[in-house]
Amino acid sequence: MKKTNYFISLIYMLLSTPIMAQTNNAVNRDFNNNQMHIVTTGNNAYYYNTKDVNEVKFNGGKTIITSTNSESNDIYEGELNEIGFSLSTKPLDSGKFAITVGTVEIIEAKGWQESLYMKWKPFAGAESYNVYVKGGQYAEYTRIDKELVRNYGSFIRADVLGLKAAIGYSLKVVPVVNGNEQVEASNEATDMNVVNYSREGFAHLNYTGIGAYKDDGTLKDNAKVLYITAKTAKTVSTMVLVDNKQTLTTGLQSIIDAYQKGSDTTPLAIRIIGKISKDDLDHISSSAEGLQIKGRNNYSEMNITVEGVGEDATISGFGILVRNCKGVEFRNFAIMLCMDDCLSLDTGNSNIWIHNMDYFYGNTGGDSDQAKGDGTVDLKGGTKYVTISYNRFWDSGKSSLCGMGGDDANYITYHHNWFDHSDSRHPRIRCMSVHIWNNYYDGVAKYGVGATTGASAFVEANYYRNCNKPMLISMQGSDIGSDGKGTFSSEDGGIIKSYKNIFAERSNNFKYVTYNVNNIEFDAYEAQTRDEIVPSSVKAKKGEAVYDNFDTTAELMYDYEPHAAVDVPGNVTGAYGAGRLNHGDFLWDFTGKDADYNVDTALKSALQNYQTSLIGIIGDDSNADEGGDESGDEGGDEPIDGAIGCNFQNKAPSNSAFTVEGNYSSSKGTATVDGTTYTTCLKIESSTKISFTISKKMKMTMYFGNNDTNCSIKVDGTKIAGDTTTKTLSTEIDKGSHTLTKADSCNLFYIKLE
């Protein structure tokens with residue numbers, strides 16, 4: 001067996017590697033320089049800094065590259081697949097802003113994917129800032145939610161989420177001093193561009209609007225937004241429909257648990273701010289993973305998005321279990337030191353979209369292969385139609401398990417992920433049909449894609465940099481070790497179809513055998529065209545599985561536009577690439593770690609000691625004395641067009657459709673609405689203002705305190721008297737924007753629109 005494998009590898013190297021007289025001037029891929037690249041007939045890539053290339057000549061069967069800083073030439077003999085150019089990666093385009101004495105000093109403003117942000121220096125005397133956005137769905141300047149304006153000590157930062165793709169967005173910041181906007185000190189950043197996230201992949205096949213957002217990037221109608229910090233994870237409250245009754249529910253896990261009852265499918269955006277640890281949660285519903293998102297039955301419609309705000313959103317000390325869910329999205333936050341898996345899609349899930357996430361070590365498990373945690377992103381138990389895209393796996397031990405056996409085809413997509421020195425399972429597939437394209441395998445220590453148990457994998461236009469075993473089929477080809485056993489699995493094999501992948505910076509241990517070299521001991525069937533059908537005669541050595549050709553079956557596939565493999569490193573590591581916005585706030589250097597799959601103890605220590613530099617939300621007065629500073633809460637992005645309710649139990653409007661300015665109290669009596677008693681109110685005073693917009697004529701009912709003797713309010717400037725016996729006020733209001741202000745002093749506990 002040893003001799004057979006040796007000759008297989010030798011034959012492949014002779015057939016696939018061009019004869020080279022010299023390659024003294026070739027360099028590694030460098031994202032900070034414009035480079036010329038050469039791709040050989042063996043799908044290997046070589047790079048030259050364009051500033052160092054003097055001339056490229058073709059002389060018969062030779063390609064000769066002369067250098068400006070070397071007397072030696074690099075010579076390639078034989079045909080080349082490609083000669084082209086790779087541009088250096090660029091940061092996000094900056095918005096335009098001026099620095100003027102006496103105004104807020106903006107230091108950075110940029111647009112990203114369905115979001116934008118601005119940073120500025122603290123303004124002398126300002127206790128808070130009002131920030132306004134214009135562009136896209138906002139024809140005029142519109143104030144953003146106050147929770148999006150945060151203090152980082154040396155600077156203040158505001159992020160705006162849920163934006164349509166458009167050019168020319170603007171942000172305006174106005175400092176607030178002694179409760180008054182200092183308009184003369186305001187400043188704005190203009191000409192910021194926002195692009196859409198890529199919605200390619202099986203999660204989106206015949207399905208629109210995963211999670212709380214529409215496909216245009218804006219929140220769905222009547223979506224709720226919950227802002228979760230270490231301070232509010234236990235106390236955040238909202239109304240959830242449980243057993244056909246609106247029930248006030250408090251605590252992040254409790255709110256998600258209430259959705260499990262299956263009655264409420266109101267779109268829910270859970271926005272993480274800063275670092276949240278397990279002890280910050282009200283409780284966990286999964287003893288194995290931590291936070292649990294669970295539907296009532298298999299494939300229950302959930303409409304939930306869990307997303308991070310800015311560059312530092314992180315959960316630490318726990319992961320997330322997803323079960324019985326349809327329509328759930330995760331984006332733009334990091335998971336550190338999880339209990340078991342970072343994300344576990346376990347049983348009965350579909351149309352799940354996981355993108356722009358950062359995954360770090362989990363807690364050490366009990367088995368020898370769990371030194372870096374059990375798993376990172378694992379799929380099993382009938383989970384289907386999933387897209388895992390633009391994620392960064394930081395030195396993960398086991399990156400992604402895809403099936404436990406016995407599943408159907410299931411249809412999973414992995415694209416534009418950055419496997420940054422992770423070890424194995426990229427992914428490890430049982431049974432499922434999986435499309436793996438445009439991923440960057442960056443110094444992978446063990447193996448790339450592994451196919452077993454009848455799986456079909458289409459591995460297309462990926463870039464493998466120093467990956468010894470890019471593709472493996474169990475119990476054949478490069479999987480067979482010196483002892484004649486499989487190196488990653490002893491199960492029956494699957495089939496891998498490979499097309500247009502690149503293998504760069506190969507080590508002496510590189511192994512990859514194609515079907516045309518050996519039709520028994522092969523690692524993949526190398527297709528000549530994307531739509532080539534793999535013949536049924538191509539079979540796995542153990543189990544004789546055949547390829548199901550899902551990728552050439554029109555009704556099974558989605559539309560997508562892959563980049564050329566040579567461009568993948570730049571795209572994945574670029575401004576709109578893998579991981580969080582601006583690649584997050586955590587930096588680490590893996591130089592020299594390509595072949596090392598041991599735990600990086602320094603990295604582990606850095607994760608254990610990680611703290612965000614976030615100080616808090618600007619103007620957060622949740623710990624202030626009764627009747628604290630006036631605060632504002634901005635409403636939702638879309639007009640209200642269905643029945644909703646709003647309470648003030650958490651000293652803030654429970655529904656983001658309402659913009660509220662005013663003071664709150666918990667000593668003004670109570671009000672009972674539909675069987676639920678509320679103890680915190682909004683005080684109706686001269687400074688109070690409530691604004692909202694409705695898309696059609698609706699009935700509005702307001703509920704006042706049991707001790708109130710006045711139950712009147714001004715609706716758009718007109719006083720309307722309420723019923724002092726029932727402590728309510730009901731009136732019909734027309735389509736459009738409305739404002740509620742003081743008529744008489746009273747205490748408002750609840751607003752209902754229907």
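Quick note: residue numbers are just sequence positions, from 1. Side-chain atoms are counted along with the backbone in the values below, which use heavy atoms only and exclude waters and symmetry mates.
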Can [X] and [Y] be counted as having a side-chain donor-acceptor contact under 3.5 angstrom?
{"X": "Y213", "Y": "E307", "result": "yes"}
{"X": "D589", "Y": "T591", "result": "yes"}
{"X": "H204", "Y": "D215", "result": "no"}
{"X": "Q35", "Y": "R29", "result": "yes"}
{"X": "H421", "Y": "D594", "result": "yes"}
{"X": "N332", "Y": "N356", "result": "no"}
{"X": "Y390", "Y": "Q113", "result": "no"}

Between [X] and [Y], is any pair of side-chain heavy atoms under 4.5 Å apart?
{"X": "K121", "Y": "I107", "answer": "yes"}
{"X": "V568", "Y": "N462", "answer": "no"}
{"X": "W112", "Y": "N582", "answer": "no"}
{"X": "L607", "Y": "F586", "answer": "yes"}
{"X": "W353", "Y": "R199", "answer": "yes"}
{"X": "F155", "Y": "E108", "answer": "no"}
{"X": "P122", "Y": "Y129", "answer": "yes"}
{"X": "K593", "Y": "D600", "answer": "yes"}

Over all atoms of both residues, closest heavy-atom pair of [X] and [Y]:
{"X": "I276", "Y": "F318", "answer": "O-CE2, 3.6 Å"}
{"X": "T364", "Y": "A371", "answer": "OG1-O, 3.1 Å"}
{"X": "V572", "Y": "H583", "answer": "O-CE1, 4.0 Å"}

Identify the residue among Y414, F393, Y447 that makes a ring pair (Phe, Tyr, Trp, His ring centres under 6.0 Å) with F419.
F393
Is a side-chain donor or acceptor of K604 paired with a backbone partner of K372 at a separation under 3.5 angstrom?
no
Sub-3.5 Å donor-acceptor pair from the side chain of E505 to the main-chain atoms of N28, do we have one?
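No.
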List the residues meeting ring pair (Phe, Tyr, Trp, His ring centres under 6.0 Å) with Y227, not counting sequence neighbours, and say none if there are none.
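Listed in chain order: nothing, the list is empty.
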Check against side-chain contact (heavy atoms from CB on, under 4.5 Å), T103 and W120
CA-CA 11 Å; T103 66; W120 61 92; over 6 Å; no
Could you check whether [X] pairs with [Y] (Lys NZ or Arg NE/NH1/NH2 to Asp/Glu carboxylate O, under 4.0 Å)?
{"X": "R331", "Y": "E114", "answer": "yes"}
{"X": "D442", "Y": "R465", "answer": "yes"}
{"X": "D280", "Y": "K275", "answer": "no"}
{"X": "D312", "Y": "R580", "answer": "no"}
{"X": "K134", "Y": "E188", "answer": "no"}
{"X": "K446", "Y": "D423", "answer": "no"}
{"X": "D374", "Y": "K398", "answer": "yes"}

Ring centroid separation Y610 to F360 under 6.0 Å
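No; F360 has its ring centre 6.0 Å or more from that of Y610.
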Using the benzene-type ring in the case of Trp, are the ring centres of W437 and H416 under 6.0 Å apart?
yes
Identify which one of [options] satisfies the side-chain contact (heavy atoms from CB on, under 4.5 Å) criterion when paired with [X].
{"X": "V149", "options": "N130, I144, D159, I617", "value": "I144"}
{"X": "V225", "options": "L161, L219, L268", "value": "L219"}
{"X": "K278", "options": "L291, I315, I284", "value": "I284"}
{"X": "N193", "options": "L92, I167, L116", "value": "I167"}

Chi angles and distances behind the salt bridge (Lys or Arg N to Asp or Glu O under 4.0 Å) call for E147, R271
CA-CA 10 Å; E147 293 88 350; R271 292 179 174 174; over 6 Å; no
In N303, T305, N351, the residue satisfying side-chain hydrogen bond (donor to acceptor under 3.5 Å, both in side chains) with E329 is T305
Assess whether atom OH of Y597 is packed by more than 12 heavy atoms of other residues, nucleotides or ligands within 6.0 Å.
no
